[in-house]
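Scroll down for the structure; my scribbles are underneath it.
Counting starts at 1 for both ligands and their atoms, in listed order.
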Amino acid sequence: MANSSATVPVRKPITHVIFDMDGLLLDTENFYTQVQEIILARYNKTFDWNLKAKMMGKKAIEAARVFVEDTGISDSLSAEQFLVEREEMLRDLFPSSDLMPGASRLIRYLHAKGVPFGLATGSHRRHFELKTQKHGDIFSLMHHVVLGDDPEVKQGKPSPDIFLAAAKRFEQGGPVDPSNILVFEDAPSGVLAAKNAGMSVVMVPDPRLDKSFHDTADQVLNSLLDFNPSEWGLPPFEDNRS
Ligand SMILES: O=P(O)(O)OC[C@H](O)CO
Ligand SMILES: [Mg+2]
């Protein structure tokens with residue numbers, strides 16, 4: 001008979017947490033998808049999840065280059081022009097951003113237990129402000145936020161820059177070992193960035209994302225509501241999945 005304890009992964013105890021934002025804490029990835037579908041329709045092309053997977057999590061200009069090059073429209077629309085075109089539509093959509101299921105519960109739990117947590121998002125300052133304007137109560141609990149236009153973030157995800165910068169900003173109490181940091185991510189580039197930074201990653205992917213992208217993550221969940229803190233050496237939730 002198989003020893004059931006052999007199937008339980010050995011995990012590093014977690015002392016600090018870093019959250020991604022778009023598609024993980026906030027339901028904003030669908031806004032990008034909608035707008036990109038509209039722009040591509042003008043060129044009689046369709047937006048698909050192969051392209052989505054390459055763009056999500058990246059800094060705006062990096063994602064824009066992928067968009068115009070992969071779709072073959074770069075002769076008609078430059079990456080910079082694409083960003084200008086989508087901006088007006090995004091600016092109208094972002095203020096209605098909603099939290100993903102379980103985001104508020106997990107953040108309030110970490111805050112109550114005194115586990116330090118921060119944010120590492122490819123979004124730049126202007127978009128961050130628009131997306132979070134209904135959610136100041138949650139985002140103000142972050143120890144710090146590191147944004148895509150932060151001078152320390154030379155390259156976007158999958159470069160480890162943003163997660164290493166976020167780790168450094170916890171450090172008033174002494175250096176934090178990346179292996180004791182748990183990252184929550186939805187995007188393939190973000191999962192890779194966290195692993196490149198030497199951290200553990202819980203991935204909460206959109207169900208439309210190809211399953212092959214799950215392999216790099218330490219754990220894959222359908223929802224933040226399914227997170228079990230005890231598996232990571234953290235104290236248990238005191239509520240029941242609400
Ligand atoms: O997923 P995030 O929070 O790093 O955001 C990245 C882009 O702004 C959206 O894909
Ligand atoms: Mg994301």
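Looking only at side-chain heavy atoms (C-beta outward), R125 and D150 stay at 4.5 Å or farther from each other. Here the side chains of L26 and L99 are in contact, with some heavy-atom distance below 4.5 Å.
Within 4.0 Å of ligand 1, the residues that place a heavy atom are D20, M21, D22, E29, Y32, M56, G57, K58, T121, G122, S123, K131, K157, listed by chain and number.
Criterion: ILVMFWY side-chain heavy atoms under 4.5 Å apart, direct or through other members. Under it, V17 and F139 are part of a common hydrophobic cluster.
Within a radius of less than 2.8 Å around the Mg ion (ligand 2), the protein N, O or S atoms are D20 OD2, D22 O, D186 OD1.
Taking the six-membered ring for Trp and the full ring otherwise, F94 and Y32 have centroids separated by under 6.0 Å.
At most 12 non-hydrogen atoms from other residues, nucleotides or ligands lie less than 6.0 angstrom from CG of N222. The number of heavy-atom neighbours closer than 6.0 Å to NE2 of H111, taken from other residues, nucleotides and ligands shown, is 12 or below.
Note on ring orientation: taking the six-membered ring where Trp is involved, the planes of H143 and F170 are tilted (angle from 30° to 60°).
Side chains of T33 and K52: a donor on one and an acceptor on the other come within 3.5 Å.
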Worked check of salt bridge (charged side-chain N to carboxylate O under 4.0 Å, His left out) between K12 and D218: CA-CA 11 Å; K12 282 281 204 170; D218 296 282; over 6 Å; no
